[in-house]
Amino acid sequence: MTYCVAMRLDTGLVFLSDSRTNAGVDQVGTFRKMTVYENPGDRMMVLMTSGNLSISQSIRQIIGERTAASGKSVWTANSMYEAAQIVGEAVRAVYERDAKSLRDFGIDFNVSLIFGGQIKGERCRLFQVYAAGNFIEAHNENTYFQIGEAKYGKPIIDRVITPATPLDEAAKCALISMDSTLRSNISVGLPLDLLVYESERLAVTRFVTIDDKNRYFQMIRATWGQQLKSVFENLSDPVWNAVPDAAANALSTSATASQPVRVPPPHSVASTDMHPAPPQTVAQQNGGDSQH
């Protein structure tokens, strides 16, 4: 499996991918998921892949070599939208060639891609491409895409990232998102590829491969965990069965009538005690002597 995330911001693009593939619990491989198509001064495009490795490698190769039916390639496309169409055609070409043979062996045609970048004369654009070759584009209300094991790293991005987020802050957020995923899912692993693209540069200027010795990522992993624990410990515990006018941190009050859905026991085992003890008040829970 894998985890890749990309963000389209007012000032550029951020791409981050892991490099783990799993063929089984006793066979773990490392294959880089990020590929750059770059003609400096004219265009800079990035492809990240998730899913069946043989499918994604075939798609990556076709994108770099094939001319589409329109006579265009990713190297000559007039816009990122046209380049995304060419990526979609490559996905369909691999499907037509390999899907039946894979299906005969019980293997689904499983691939997801993120494709983004900038072609001279237009703004940065970002797309998510599906296994059918169709795609959607990022916009200001949904400024990022994830593929692979996305759920673990999503909450931090949802809380932090907006189109106005500076590139370095977005890169930091992406790395925290990746760290959360690494901690919770063994199918995602180091090393990572991080590319930060500044709008109008039309070339790769900021790229790093991150392993377990990278000092900044070590700091992220240690500090983020410590800060989360500190914030958690500073949150107040819930107050149960508070007096009705209690204002602070009341999870429930004595005036509420919340009850669980209960299944009554059969008569043969039913308790004869039909009057369970009333819930404790806050003062009784705290060992106080006050009467309520």
Practice task
Report the C-alpha separation of F207 and Y197 in whole Å, then their side-chain angles, then the decisive distance to 0.1 Å, and conclude whether the ring-ring contact (aromatic ring centres under 6.0 Å, His included) test is met.
Solution key: CA-CA 9 Å; F207 174 83; Y197 174 74; over 10 Å; no

Problem - N234 side chain vs S230 backbone, donor-acceptor pair below 3.5 Å - result: yes

Problem - Residues forming a salt bridge (charged side-chain N to carboxylate O under 4.0 Å, His left out) with E82, sequence neighbours excluded - result: none

Handout entry: Interatomic distance, R123 atom CZ to D10 atom CG [nearest 0.5 angstrom]
Key = 11.0 Å

Exercise for the section: Spell out, as yes or no, whether a donor-acceptor pair under 3.5 Å connects the side chain of E38 to the backbone of R43. Expected result: no

Handout entry: Residues K100 and D104 bridged, charged N to O under 4.0 Å
Key = yes

Problem - Side chain N214, main chain Y216, donor-acceptor under 3.5 Å - result: yes

Practice task
Count the heavy atoms belonging to other residues, nucleotides or ligands that lie under 6.0 Å from CD of Q57, then report whether that count exceeds 12.
Solution key: yes

Handout entry: Note, I107 side chain near N52 side chain (heavy atom, < 4.5 Å)
Key = yes

Exercise for the section: Find out if a path of hydrophobic residues (ILVMFWY) with successive side-chain heavy-atom gaps under 4.5 Å connects V196 to V46. Expected result: no

Problem - Closest approach of T143 to T162 (non-hydrogen atoms, all atoms of both residues) - result: CG2-C, 4.4 Å

Practice task
Taking the side chain as every heavy atom from C-beta outward, state whether I156 and W224 have any pair of such atoms under 4.5 Å apart.
Solution key: yes

Practice task
Decide side chain to side chain contact (heavy atoms under 4.5 Å, CB included) for L13 and E198; before the verdict, give the C-alpha distance in whole Å, the side-chain angles of both, and the deciding distance to 0.1 Å.
Solution key: CA-CA 7 Å; L13 298 160; E198 301 169 81; over 6 Å; no

Exercise for the section: Taking the side chain as every heavy atom from C-beta outward, state whether V208 and L195 have any atom pair closer than 4.5 Å. Expected result: no

Exercise for the section: For R201 and G41, indicate whether the former's side chain and the latter's backbone hold a donor-acceptor pair under 3.5 Å. Expected result: no

Handout entry: Polar contact flag, side-chain donor to acceptor under 3.5 angstrom, Q118-E122
Key = no

Handout entry: Path from I59 to L53 over hydrophobic side-chain contacts below 4.5 Å
Key = no

Practice task
Sort out for me which residue in D18, T49, T209 forms a side-chain hydrogen bond (donor to acceptor under 3.5 Å, both in side chains) with R32.
Solution key: T209

Problem - Side chain to side chain, L167 and M7, heavy atoms closer than 4.5 Å - result: no

Exercise for the section: Tell me, yes or no, whether the heavy-atom count around Y95 atom OH, taken from other residues, nucleotides or ligands under 6.0 Å, exceeds 12. Expected result: no

Exercise for the section: Decide yes or no on side chain to side chain contact (heavy atoms under 4.5 Å, CB included) for V87 and V129, but give the supporting numbers first. Expected result: CA-CA 8 Å; V87 172; V129 185; 4.1 Å; yes

Fill in the blank from the handout: One should read off an interatomic distance between K72 NZ and T67 OG1, to the nearest 0.5 angstrom, of 10.5 Å

Problem - Considering all heavy atoms, the nearest K33-C4 contact - result: CB-SG, 4.1 Å

Exercise for the section: Any chance you could measure R60, atom CZ, to E65, atom CD, to the nearest 0.5 Å? Expected result: 11.0 Å

Handout entry: Test item: side-chain donor near acceptor, R125 and S79, under 3.5 Å
Key = no

Handout entry: Working for side chain to side chain contact (heavy atoms under 4.5 Å, CB included), residues T11 and S199
Key = CA-CA 6 Å; T11 53; S199 183; 5.7 Å; no

Handout entry: Minimum-distance pair of heavy atoms, taken over all atoms of R20 and I186
Key = NH1-O, 2.6 Å

Handout entry: Backbone of S73 reached by a side-chain donor or acceptor of T76 within 3.5 Å
Key = yes

Practice task
Please tell me if the side chains of L16 and M34 come closer than 4.5 Å, counting only heavy atoms from C-beta onward.
Solution key: no

Problem - Within-4.5 Å side-chain heavy-atom neighbours: L192 and S19 - result: no

Handout entry: Check: F145 and N142 side chains under 4.5 Å, non-hydrogen atoms
Key = yes

Practice task
Check whether any side-chain heavy atom of V111 sits under 4.5 Å from a side-chain heavy atom of I55, and report yes or no.
Solution key: yes

Handout entry: Salt bridge E169-K172, side-chain N to carboxylate O under 4.0 Å
Key = no

Exercise for the section: Please report the shortest heavy-atom distance between G116 and M80, naming the atom on each side. Expected result: C-CE, 3.5 Å

Practice task
Answer yes or no: are there more than 12 heavy-atom neighbours, outside R66 itself, under 6.0 Å from its atom CZ?
Solution key: no

Fill in the blank from the handout: Taking every heavy atom of V269 against every heavy atom of P265, the minimum-distance pair comes out as CG2-CB, 4.0 Å

Problem - Joint hydrophobic cluster, V5 plus L194, side-chain heavy atoms closer than 4.5 Å - result: yes

Handout entry: Side chains of Y144 and D158, donor plus acceptor under 3.5 Å
Key = yes

Exercise for the section: Any chance you could measure E149, atom CD, to Y3, atom OH, to the nearest 0.5 Å? Expected result: 10.5 Å

Problem - Joint hydrophobic cluster, L126 plus V74, side-chain heavy atoms closer than 4.5 Å - result: no

Practice task
Check step by step if side chain to side chain contact (heavy atoms under 4.5 Å, CB included) holds for M44 and V36.
Solution key: CA-CA 7 Å; M44 196 292 302; V36 174; 4.1 Å; yes

Practice task
Examine M45 and L113 and state if one hydrophobic cluster contains both, with Ile, Leu, Val, Met, Phe, Trp and Tyr joined whenever side-chain heavy atoms are less than 4.5 Å apart.
Solution key: yes

Handout entry: From W75 atom CH2 to I119 atom CD1, the distance as rounded to the nearest 0.5 Å
Key = 10.5 Å

Handout entry: Point-to-point distance, once rounded to the nearest 0.5 Å, from CG of N241 to OG of S254
Key = 7.0 Å

Problem - T165 side-chain N/O to I161 backbone N/O, donor-acceptor pair under 3.5 Å - result: no

Problem - Electrostatic pair D42-K120, nearest N-O below 4.0 angstrom - result: no

Fill in the blank from the handout: Heavy-atom closest pair (A6 atom, M48 atom, distance to 0.1 Å) is CB-CE, 3.8 Å

